[in-house]
Participant: 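Attaching a single structure in structure tokens format; questions to follow.
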Amino acid sequence: MLPLDLYDTASRDVRLDEGALVLGGMARSIDRALLDALTVVERDAPFRHLLTPGGGLMSVAMTNCGAVGWVSDRSGYRYDPVDPESGKRWPAMPAVFTDLAARAANAAGFREFAPDVCLINRYEPGARLSLHQDRDEHDLGHPIVSVSLGLPAIFLWGGQQRVDRPRRVPLTHGDVVVWGGPARMTFHGVRALAEGHHPLTGSIRYNLTFRRALPRG
DNA sequence: TAGTCTCA
DNA sequence: ACGC
């Protein structure tokens with residue numbers, strides 16, 4: 001793995017807000033390793049469409065790896081150490097995932113980020129995620145690291161209140177977004193994925209979302 | 001309010 | 001807006 005200081009932030013990084021940064025193309029050099037690891041996770045914990053508390057079916061298909069996994073059903077959102085679909089623990093987080101998340105957080109100024117969950121979202125054309133906050137984690141002091149792979153998407157970067165008009169941020173293969181501190185509770189989402197083809201993923205966009213959900217110890 | 005549906 |  002590359003030393004922290006070898007990552008060249010001069011490329012096309014964008015600061016969205018204080019505590020929120022797009023690291024342009026940071027994951028690109030290890031894209032195949034990430035996708036290979038994803039294939040291994042997917043074998044034990046297949047993608048599935050979750051139900052929201054409101055009763056709607058999410059258009060994005062999800063799976064997890066790590067000590068816990070983010071799940072949603074009619075009773076609400078939660079982090080569960082067990083995959084409800086299989087009754088078994090989620091697959092372990094691949095080292096290439098953990099390393100990238102820590103490097104990205106570091107590059108954005110958040111030291112010693114040790115994620116215990118990676119929520120993996122699979123977008124097919126038309127799939128979207130409406131504006132929401134990540135608020136199910138025990139300690140909101142830890143940042144969020146979000147990695148884009150495959151087809152491009154429009155990321156919606158809102159404000160601290162739902163009514164704040166979101167900015168449209170184009171994200172492409174290999175981009176990494178990190179937010180924390182004052183930006184930790186920012187409303188965000190993803191616009192409906194456009195049709196397209198990517199050499200490594202075909203008609204799919206994957207998003208890896210790293211979080212620390214559980215208290216330390 | 002991690003959903004859909006309607007109306008200007 | 002709606003209603004879960």
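Chain letters run A, B, ... following the sequence lines, proteins first and then strands; every chain starts at 1.
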Participant: Answer yes if the side chains of Tyr79(A) and Arg211(A) hold a donor-acceptor pair under 3.5 Å, and no otherwise.
Facilitator: yes
Participant: Can you check whether Ala213(A)'s main-chain N or O pairs, donor with acceptor, with Asp116(A)'s side chain at less than 3.5 Å?
Facilitator: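 The answer is yes, because a donor-acceptor pair under 3.5 Å joins these two groups.
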Participant: Say whether, by atom type as modelled, one donor and one acceptor occur between the side chain of Thr63(A) and the main chain of Glu42(A) under 3.5 angstrom.
Facilitator: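 The answer is no, because no donor-acceptor pair under 3.5 Å joins these two groups.
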Participant: Check each residue of residues 44-60 of chain A for a non-hydrogen atom within less than 4.0 Å of any atom in DNA chain C, then write out the ones that pass by number, or none.
Facilitator: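 Of all residues in residues 44-60 of chain A, the ones placing a heavy atom under 4.0 Å from DNA chain C are Pro53(A), Gly54(A).
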Participant: Classify the nucleic acid contact of Asn121(A) as base, sugar-phosphate or nothing, counting any heavy atom under 4.0 Å across all strands shown.
Facilitator: nothing
Participant: Is there a donor-acceptor pair closer than 3.5 Å between any side-chain N or O of His188(A) and the backbone N or O of Thr186(A)?
Facilitator: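 Yes, His188(A) side chain to Thr186(A) backbone: donor-acceptor pair under 3.5 Å.
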Participant: Say you draw a straight line from CG of Asp164(A) to CH2 of Trp157(A); how long is it, rounded to the nearest 0.5 Å?
Facilitator: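 With rounding to 0.5 Å, CG (Asp164(A)) is 12.0 Å from CH2 (Trp157(A)).
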Participant: Side-chain donor-acceptor pair under 3.5 Å between Arg12(A) and Thr172(A), yes or no?
Facilitator: yes
Participant: Consider only side-chain N and O atoms of Asn121(A) and Thr209(A), and report whether a donor and an acceptor are under 3.5 Å apart.
Facilitator: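 No pair is found: no donor N or O on one side chain lies under 3.5 Å from an acceptor on the other.
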Participant: Is there any salt bridge (charged side-chain N to carboxylate O under 4.0 Å, His left out) pair reaching into residues 67-77 of chain A, and which pairs are they, with sequence neighbours excluded?
Facilitator: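 Found Asp73(A)-Arg78(A).
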Participant: Pull out every stem in DNA chain C, meaning runs of 3 or more consecutive Watson-Crick or G-U wobble pairs with both distances under 3.5 Å.
Facilitator: none
Participant: Expressed in angstrom and rounded to an integer, what is the separation of Arg128(A) atom CZ from dC5(B) atom P?
Facilitator: 11 Å
